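In what follows, a structure is listed as structure tokens, so that the remarks can point back to it.
Note that the coordinates shown come from a computational prediction; the quantities given were computed from them, not determined experimentally. We number each residue from 1, following the sequence as shown.
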Amino acid sequence: MGSVGAKEVPVLLSADGRRIDGRRLDELRPIRIQAGALHQADGSAFVEWGANKVMAAVYGPREVHPRHLQQNNKAVIQCRYNMAAFSVDERKRPGLDRRSQEISKVIGEAFESVVFAEEFPRTSIDVYIEVLQANAGTRCAGVVAASVALADAGIPMVDLLPSVAVGKIGGAIALDLKKEEDNFGEADLPMALVPQSGRLVLLQMEGHMTEAELAQALDLGVKGCRSIHETMKQALRDRYAVAPLAGGSA
Ligand code: ADP
């Protein structure tokens, strides 16, 4: 531990390039995705990513509530990101705060870029993201969970939407920050990528980095997204895998 004033700052990057959990700078935390985790929802997914646990449920296309949000030429995508009161060490005040509202908005807008909403005019596609356990990168875990849940609900999309945060720790660009790295690092930059087109549809940044570091961060994040994309596709394959017919040839 180093110390800055009264605040204890952990050493985020060792001399041999290892992070506090032993990862290299370009390594993701372990990620497990279960498509179709809930029976009630039209589509759902549960994501365990490092110490994050996030559930997403999708309903629709269905009637729009509140009615005045209805659009005649396309579906509205209503996204609600919520962090459970028990999801963090210190009890979080329950309910929708400014942070949750902002995250709900940016995630909803990201999905507007991939969902074929014009196929379902005058309807709503409702996306619920519940963070049950939080350890940084929950909006990215939320995007990943919601994306698999949308696919599980059969909503037509251009592509799945992998997402990851890149950041700067101990002066170096690192993939997929965990809590201590997010808290004590120099920058945090969540992003979401449409793999097919290479378009970024969510990009935010807290902290500071140089132009060259930003380019490096985007490159690392895109690679991370492409790797997560494979895990997302595999989760959907596992969900819809058809058992081979008995007696069929291998
Ligand atoms: P993200 O989870 O997408 O990285 P932030 O950067 O805002 O979003 O938050 C980083 C982490 O800080 C969260 O994943 C969570 O572990 C913690 N955190 C966020 N909001 C709160 C809160 N109100 N109370 C306690 N911890 C929080």
Could you measure the distance from the [atom1] atom of [X] to the [atom2] atom of [Y]? Nearest 0.5 Å is fine.
{"X": "W49", "Y": "I33", "atom1": "CH2", "atom2": "CD1", "answer": "8.0 Å"}
{"X": "K168", "Y": "M205", "atom1": "NZ", "atom2": "CE", "answer": "9.0 Å"}
{"X": "T231", "Y": "L160", "atom1": "OG1", "atom2": "CG", "answer": "11.0 Å"}
{"X": "L161", "Y": "S113", "atom1": "CG", "atom2": "OG", "answer": "8.0 Å"}
{"X": "S163", "Y": "L200", "atom1": "OG", "atom2": "CG", "answer": "10.0 Å"}
{"X": "N82", "Y": "S104", "atom1": "CG", "atom2": "OG", "answer": "8.0 Å"}

With [X], which residues qualify under salt bridge (charged side-chain N to carboxylate O under 4.0 Å, His left out), at least two apart?
{"X": "D238", "result": "none"}
{"X": "D126", "result": "R62"}
{"X": "E230", "result": "K233"}
{"X": "R23", "result": "D21, D176, E181"}

Decide yes or no for [X] and [Y]: does some side-chain heavy atom of the first lie under 4.5 Å from some side-chain heavy atom of the second?
{"X": "V127", "Y": "L150", "answer": "yes"}
{"X": "L220", "Y": "D26", "answer": "yes"}
{"X": "R80", "Y": "I129", "answer": "no"}
{"X": "R99", "Y": "Y81", "answer": "yes"}
{"X": "L193", "Y": "V201", "answer": "no"}
{"X": "Q204", "Y": "L189", "answer": "no"}
{"X": "V194", "Y": "S197", "answer": "yes"}
{"X": "L218", "Y": "M191", "answer": "yes"}

Identify each donor-acceptor pair in which a side-chain atom of residues 69-79 lies under 3.5 Å from a protein atom, sequence neighbours left out, and give them as a table.
{"unit_1": "Q70", "atom_1": "OE1", "unit_2": "R67", "atom_2": "NE", "d": "3.3"}
{"unit_1": "Q78", "atom_1": "NE2", "unit_2": "H65", "atom_2": "O", "d": "3.1"}
{"unit_1": "Q78", "atom_1": "NE2", "unit_2": "S124", "atom_2": "OG", "d": "3.0"}

TODO: Kindly indicate, with the supporting measurements, whether the criterion salt bridge (Lys or Arg N to Asp or Glu O under 4.0 Å) is fulfilled by K178 and D182.
DONE: CA-CA 6 Å; K178 75 194 293 271; D182 182 308; over 6 Å; no
Apart from M55 itself, its cluster of hydrophobic side chains linked below 4.5 Å comprises L38, F46, F86, L132
Membership question, hydrophobic clusters at under 4.5 Å side-chain separation (ILVMFWY): are [Y] and [X] in the same one?
{"X": "L13", "Y": "M209", "result": "no"}
{"X": "Y240", "Y": "V58", "result": "yes"}
{"X": "L214", "Y": "L25", "result": "no"}
{"X": "V144", "Y": "V106", "result": "yes"}
{"X": "V64", "Y": "Y59", "result": "no"}

Counterpart residues, side chain to side chain donor-acceptor pair (under 3.5 Å), relative to [X] (two or more places apart):
{"X": "E206", "result": "none"}
{"X": "R239", "result": "D152"}
{"X": "K179", "result": "none"}
{"X": "E186", "result": "none"}

ask   = With the threshold set at 4.0 Å, does a side-chain nitrogen-carboxylate oxygen contact exist between R122 and E63?
value =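 No, no charged N to carboxylate O under 4.0 Å.
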The complete set of salt bridge (charged side-chain N to carboxylate O under 4.0 Å, His left out) pairs with one or both residues in residues 104-114, sequence neighbours excluded, reads K105-E109
Does R93, at its CZ atom, have more than 12 non-hydrogen atoms belonging to other residues, nucleotides or ligands within less than 6.0 Å?
no
Inspect the surroundings of CD in E118 and state if more than 12 heavy atoms from other residues, nucleotides or ligands are less than 6.0 Å away.
yes
Closest heavy-atom pair, A149 versus A56, reported as atoms and distance to 0.1 Å, is CB-O, 3.9 Å
side-chain hydrogen bond (donor to acceptor under 3.5 Å, both in side chains) pairs touching residues 31-44, sequence neighbours excluded, are R32-E48
